[in-house]
Number of protein chains: 4
Amino acid sequence: MTAVETFTSARGTPLSKRGERTRRRLLDAAEKVFSELGYYEASIVKITEAAAVSQGTFYIYFESKQQIFDELVADLNRRVRHAMHEASAQGASRAESERLGFAAFFRFTAEHPALYRIIRQAEFVSPAALHDHYAKIAEGYIAGLRQAMAAGDIVTADPEVLAWALMGVGELIGMRWILWDGAEPRQVPEEVFEEMYAFITRGLGTSGGIRDSSSG
Amino acid sequence: MTAVETFTSARGTPLSKRGERTRRRLLDAAEKVFSELGYYEASIVKITEAAAVSQGTFYIYFESKQQIFDELVADLNRRVRHAMHEASAQGASRAESERLGFAAFFRFTAEHPALYRIIRQAEFVSPAALHDHYAKIAEGYIAGLRQAMAAGDIVTADPEVLAWALMGVGELIGMRWILWDGAEPRQVPEEVFEEMYAFITRGLGTSGGIRDSSSG
Amino acid sequence: MTAVETFTSARGTPLSKRGERTRRRLLDAAEKVFSELGYYEASIVKITEAAAVSQGTFYIYFESKQQIFDELVADLNRRVRHAMHEASAQGASRAESERLGFAAFFRFTAEHPALYRIIRQAEFVSPAALHDHYAKIAEGYIAGLRQAMAAGDIVTADPEVLAWALMGVGELIGMRWILWDGAEPRQVPEEVFEEMYAFITRGLGTSGGIRDSSSG
Amino acid sequence: MTAVETFTSARGTPLSKRGERTRRRLLDAAEKVFSELGYYEASIVKITEAAAVSQGTFYIYFESKQQIFDELVADLNRRVRHAMHEASAQGASRAESERLGFAAFFRFTAEHPALYRIIRQAEFVSPAALHDHYAKIAEGYIAGLRQAMAAGDIVTADPEVLAWALMGVGELIGMRWILWDGAEPRQVPEEVFEEMYAFITRGLGTSGGIRDSSSG
DNA sequence: AATGAATGAGCTTTCATTCAT
DNA sequence: AATGAATGAAAGCTCATTCAT
């Protein structure tokens, strides 16, 4: 997982320093173009233009539009999950972890709303990738919830159902207040966060009270 | 809202009986084609072929591919909401209404998974349409929740936040257990529904007990 | 074989008068372009330019470059064989038929050198088509040779081998003196024709003498 | 003709031992790739991959795709003619030489059918190369035929016409029974060879008998 | 001598849309 | 009201060739 990553061309040959830089440029350009235009309106021409390389160059590094998209989604998955994981690891109790994780998720979405749109688009372009994305996030939740149940911190219930319910709450609240609400700074308003959090807390039957912490 | 609908051509002129039939045929064909292929893979040729009319005919009734898609989404939105509304109207208490509404939503998704995917695709094809879709469902929820609060059936809280949270729960649970779980019959398993429902009930602080069932 | 031919679009639908004209224009343009540039150097753009229609129009009538090429080859086959058949049918004896057939073949090649190049190109583009071409010509020869053998006009031998040998002779003589010798008028010089013809006559062991007739 | 060949780079500078090896590797790779795919489907990438060198290296040794193809055709031509010459030199009489030459030609075609297809493809890729190919073979024939005529072994006739007629016979018989007849072992069946040979013998008015065999 | 990244023109094909009939 | 031929822009992709290292 943390082995040194070796980048290769579309043909599988390893890349030189220069090649690696070009590949990076293409990925960055793709991120920009996909998030602005969506997968279908994006095109190789637009991506290569944004990367300031010729069209042919694209195919040195990626096999197709699909492939670069998949790679991008995988990368973003990693980043969202990382952000959430880092944050919730700071929590002393399950309740706090929950709160911090949500806040991190919202923060990521707020900071990279375009990126988050890419992930959502995967539903149609690369369903397997999206499946993976949610499944991986769910995994983390489930483990946490199970522990909390064992510790008697929350109700005893099927952690998988709870995990997906929680993700759903985050998803739509984020969509409504971050993605759609153009208001700057992009963030879930304090009160909304608190209301949502209260709902979740009740839903999980969290015992001990919780306080503090940054919202989103 | 329930005024007699008058169908018009793309130019706005009213339609003859025959014209209305052709228009209907095109809409049905579009529903079929969009649900099977998605917006981008669908094409006017395929739609007109499925409707057994010529390409030119399409533009007598619709201005563009976008327009027929929007119309379709609006139509589907009407149908989902109708199903949910009908169902929850049967409920004696807010809790029961909630339960029945959810079940209806899941049932719709289960019966027309492809259609539901169309709605989700609107996020990229016609963001406004998706916005509308959720906003309208939220409206219904909000009204219901407000009443329940007034009656002291649930906690007092911002009904808008609750509404979006509830939609999120339904959304992801449906995605996970209906859209992704290929198992027939497509439906949210009884236990999953109950677990979810318990979560929601707690979250809403619903007092009185609940009865009945018919999940989805 | 002589049933009324119905032209159809690439999709298989029948064509209007106008459509038929466009299709014809494309076929003519293709003949010109393929013969001047060869299959690989030819392109849809060049063909549609020569036909003065847009690129998209091409695909209304033909599925691909291959398909229009195949159609063209089949058409040319028909024409060469027709010319040869008509001519040799005038012969009173097998010897005369042979002579007239050859002359017709050379005449066709001389008049449409470009077309003949197309047929030869089929060897690589559409081997089956070329196979067919020669096989069909061979058939005609074989039948004629068999009759001549029965009548005692020529030696008794395997007519298939003879047929291919004869085709070979015509092929390379034509290539050498018509296709390569730019001299106008394009035709196999009288003396060459006679020398070749004498060779063949001896080879077939033709009894009765032959005289007269146009060469190429 | 048999002067020591000096290999040079595309620029004309002479090659080192190592350079010569690389050049050879490229030629071998090209032979393989061209024969498997034909000129147009072949690509420099595929050739350099097969030769296990980088794309850039190709252009150190050859000016273009065309050039390496021409060189290859010339090489193959040399090899076919060599095979035919060697064989016919064994013949005691012209008749025998003829027979052996044909057999050798068929044998070469049978052993390297793909290579022979390359030569034929030259007609469109590099007409001059094909012209040369046949012209050189014809030369050999003509010289032989002239001698035979002088010796009274065959009829007196224009040797050039006879030469091309003979090549034609070999060409199409080879095409029909070796190139197209997939049957293994690839070879012209004994009887076919004999029939063809009888035809030629008669055509040349060969006096003296013939013996031996070894067809193709 | 060798590399391999970069180029850009060109290819085949699709498709939303227009328009004469 | 309906047709279907025509358009032309744009798409994804390939490839011979050049050049800095």
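Here the structure is a predicted model, which is why all the values come from computation and not from measurement. In what follows, chains are A, B, ... by sequence order, proteins preceding strands, each numbered from 1.
- F:dA10: Watson-Crick or G-U partner is E:dT13, with both key distances under 3.5 Å.
- At the phosphate of F:dA2, OP1 or OP2 sits under 4.0 Å from a side-chain N or O atom of B:Arg18.
- Residues B:Lys32 and B:Glu49 are not paired through a salt bridge, judged by the lack of any N-O separation under 4.0 Å between the basic side chain and the carboxylate.
- Using a 4.0 Å cut-off between a side-chain N of Lys or Arg and a carboxylate O of Asp or Glu, A:Arg79 and A:Glu31 qualify as a salt bridge.
- Along DNA chain E, the nucleotide closest to D:Gly19 and the one closest to A:Pro14 are compared, and the more 5′ of them pairs with D:Gly19.
- Between the B:Gln67 side chain and the B:Glu63 main chain, a donor and an acceptor come within less than 3.5 Å of each other.
- Looking at heavy-atom distances under 4.0 Å, D:Tyr61 makes contact with sugar-phosphate atoms alone, never a base.
- Partner assigned to F:dT21 is E:dA2, using Watson-Crick or G-U wobble distances below 3.5 angstrom.
- Comparing B:Phe58 and A:Leu15 along DNA chain E, the residue whose closest nucleotide (by nearest heavy atom) sits nearer the 5' end is A:Leu15.
- Across all strands shown, A:Ala10 has no heavy atoms under 4.0 Å from either base or sugar-phosphate atoms.
- Looking at heavy-atom distances under 4.0 Å, D:Ser64 makes contact with sugar-phosphate atoms alone, never a base.
- As a whole-Å value, the separation of D:Gln55 CD from E:dT3 C1' is 11 Å.
- Counting non-hydrogen atoms under 4.0 angstrom, A:Phe62 reaches nothing in the nucleic acid.
- A close approach under 4.0 Å does occur between a side-chain nitrogen or oxygen of A:Lys46 and OP1 or OP2 of F:dA11.
- Side-chain atoms of A:Ser126 never come within 3.5 Å of backbone atoms of A:Ala122 as a donor-acceptor pair (strictly under, hydrogens ignored).
- Across all strands, C:Ser16 comes closer than 4.0 Å only to sugar-phosphate atoms, never to a base (heavy-atom distances).
- Contact annotation: A:Tyr59 side-chain N/O to E:dA6 OP1/OP2 distance is not under 4.0 Å.
- For the OP1/OP2 pair of F:dA5 and a distance below 4.0 Å, the side-chain nitrogens and oxygens of C:Thr57 include no atom meeting the criterion.
- No engagement by C:Lys17 is indicated, since no non-hydrogen atom pair under 4.0 Å with the nucleic acid exists.
- Listed pair D:Thr22 / E:dA2 meets the phosphate criterion, a side-chain N or O lying under 4.0 Å from OP1 or OP2.
- Residue B:Gly56 is in base contact, counting any heavy-atom pair closer than 4.0 Å across all strands shown.
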